[in-house]
Amino acid sequence: MKNLYRFQYFTTDDFPFLHQVRDLAIFVELSNILYKAGYVYKDSFLNYPKMKDKQSGLISFGKNDLMILTTRPPYSDKVQKRKIYRTGHIYEKQILEQIGTCFISLSRHVVFLNDKLAVQLKEGFKDRASIAFYVYENKVNKSAGYREISGYGLGVERNWKKWRTESKTQKSCAFIIFFKKQGILPKMLHVFGIGGEEGLIFSRILRNGLWEELNFNLNGPSRIVMVEFEVHVPEKYPTNMDFIEKLNYDVILDAIIF
């Protein structure tokens, strides 16, 4: 049997079950994919900020087990607004170490791919090595859309350029990252956008066929895929997610990590 676990982060310092609703919606979108791959949901690991025992709740993972994380890992959130809280749990420490093999910085404000991945961005998207995102001031909609972008080769500053588009829609990006079993963790699958709205849009894109298009192998090497897409949500709130089928997307990075 291949057990499936969820890793749950929180954005407040309490223990609000309500916060799980968005992440659970993303998980539901992906569950059909994972069930077809033979995974059966087992349990969730709740990584709430006020936990005192940094080695509590350890699970005896099997060699085929998978843990999915549908929240952006707080790799660079220590001094950021709208941050995700770290706990210092032993699982979290190893998760962030894994994420550090892909990013120089990863927060709600900015994403910097590391140099090894930045040079593998597809032609036409080389200036996505560093991206700054709207947080509060987005005039197009309330999404975590691009504010500034930069190409590879100029260090941390990366020569910021303003994102310009004639389209009325805003663009953002999301990631699917798979890590082979390492240390005390099982196989890990990260599926996240920069904001929750983007994560939910991305999960539906994956469910609608992108997963099969990518031929994603949960028994293969560690791998990262970066997808850019429109995040235009209808002004009148929709009653379902069918509008996502009309949004354009591009796979702009598909690389083996190790």
Side-chain angles (χ1 to χ4, degrees), residues 1-78 82-103 106-108 174-196 198-200 202-203 206-207 216 218-219 222-224 257:
M1 179 181 293
K2 297 190 287 187
N3 292 320
L4 176 63
Y5 296 86
R6 293 176 56 249
F7 189 94
Q8 177 68 56
Y9 265 112
F10 297 90
T11 55
T12 68
D13 57 4
D14 287 316
F15 186 46
F17 276 99
L18 183 62
H19 183 75
Q20 294 190 60
V21 173
R22 183 187 65 200
D23 283 1
L24 282 170
I26 298 173
F27 177 76
V28 168
E29 290 293 321
L30 300 172
S31 61
N32 286 344
I33 295 171
L34 298 175
Y35 292 163
K36 288 178 182 178
Y39 289 94
V40 177
Y41 175 63
K42 180 73 172 180
D43 204 352
S44 295
F45 180 84
L46 304 178
N47 191 51
Y48 59 94
K50 289 187 176 180
M51 66 165 57
K52 296 180 180 179
D53 185 350
K54 306 307 181 183
Q55 298 191 40
S56 63
L58 298 184
I59 301 167
S60 297
F61 294 115
K63 65 178 182 179
N64 294 316
D65 290 351
L66 175 73
M67 181 177 283
I68 184 170
L69 202 165
T70 57
T71 305
R72 173 187 55 77
Y75 184 67
S76 309
D77 281 33
K78 289 184 178 180
R82 297 190 67 173
K83 65 183 179 181
I84 296 171
Y85 286 83
R86 291 190 184 188
T87 69
H89 191 275
I90 189 171
Y91 285 164
E92 181 190 66
K93 286 183 176 180
Q94 189 165 346
I95 285 171
L96 295 179
E97 287 177 6
Q98 288 180 336
I99 288 295
T101 64
C102 300
F103 299 96
L106 174 63
S107 72
R108 178 60 178 77
F175 298 87
I176 176 168
I177 310 174
F178 171 70
F179 291 103
K180 297 185 295 185
K181 179 175 173 55
Q182 291 180 292
I184 62 173
L185 291 175
K187 293 184 288 186
M188 293 292 305
L189 182 66
H190 296 260
V191 181
F192 63 92
I194 301 306
E198 293 72 34
L200 188 55
F202 183 49
S203 65
L206 285 168
R207 179 185 170 188
F216 218 89
L218 296 176
N219 294 311
S222 299
R223 178 183 177 189
I224 180 172
I257 306 171

Side chains of Gln182 and Gln98: donor-acceptor distance under 3.5 Å anywhere? yes
Is the count of non-hydrogen atoms from other residues, nucleotides or ligands lying under 6.0 Å from Lys93 atom NZ greater than 12? no
Measure the shortest side-chain to side-chain distance between Ile95 and Met188 over non-hydrogen atoms and say whether it is less than 4.5 angstrom. yes
Check whether Glu29 reaches the backbone of Ser203 with its side chain - one donor and one acceptor, N or O, closer than 3.5 Å. no
Over 12 foreign heavy atoms within 6.0 Å of NZ, Lys2: yes
Between Phe216 and Ile176, is there a side-chain heavy-atom distance shorter than 4.5 Å? yes
Evaluate the criterion side chain to side chain contact (heavy atoms under 4.5 Å, CB included) for residue pair Val191 and Leu69; output intermediate values, then yes/no. CA-CA 6 Å; Val191 181; Leu69 202 165; over 6 Å; no
Among Phe202, Phe175, Phe27, find the residue that satisfies the ring-ring contact (aromatic ring centres under 6.0 Å, His included) test when tested with Phe192. Phe175
Between Arg6 and Asp43, does any side-chain N to carboxylate O distance fall below 4.0 Å? no
So, the side chain of Glu198 versus the backbone of Ile194: is there a donor-acceptor pair under 3.5 Å, distance only? no
Please report whether the ring centroid of Phe45 lies less than 6.0 Å from that of Phe7. yes
Is it the case that the side chain of Asp65 and the backbone of Asn3 share a donor-acceptor pair, with hydrogens and angles ignored and the cut-off at 3.5 Å? yes
Is the backbone of Leu218 close enough, under 3.5 Å, to the side chain of Lys187 for a donor and an acceptor to pair up by distance? yes
Under a 3.5 Å threshold, yes or no: a donor from one side chain and an acceptor from the other, between Asp23 and Thr71? yes
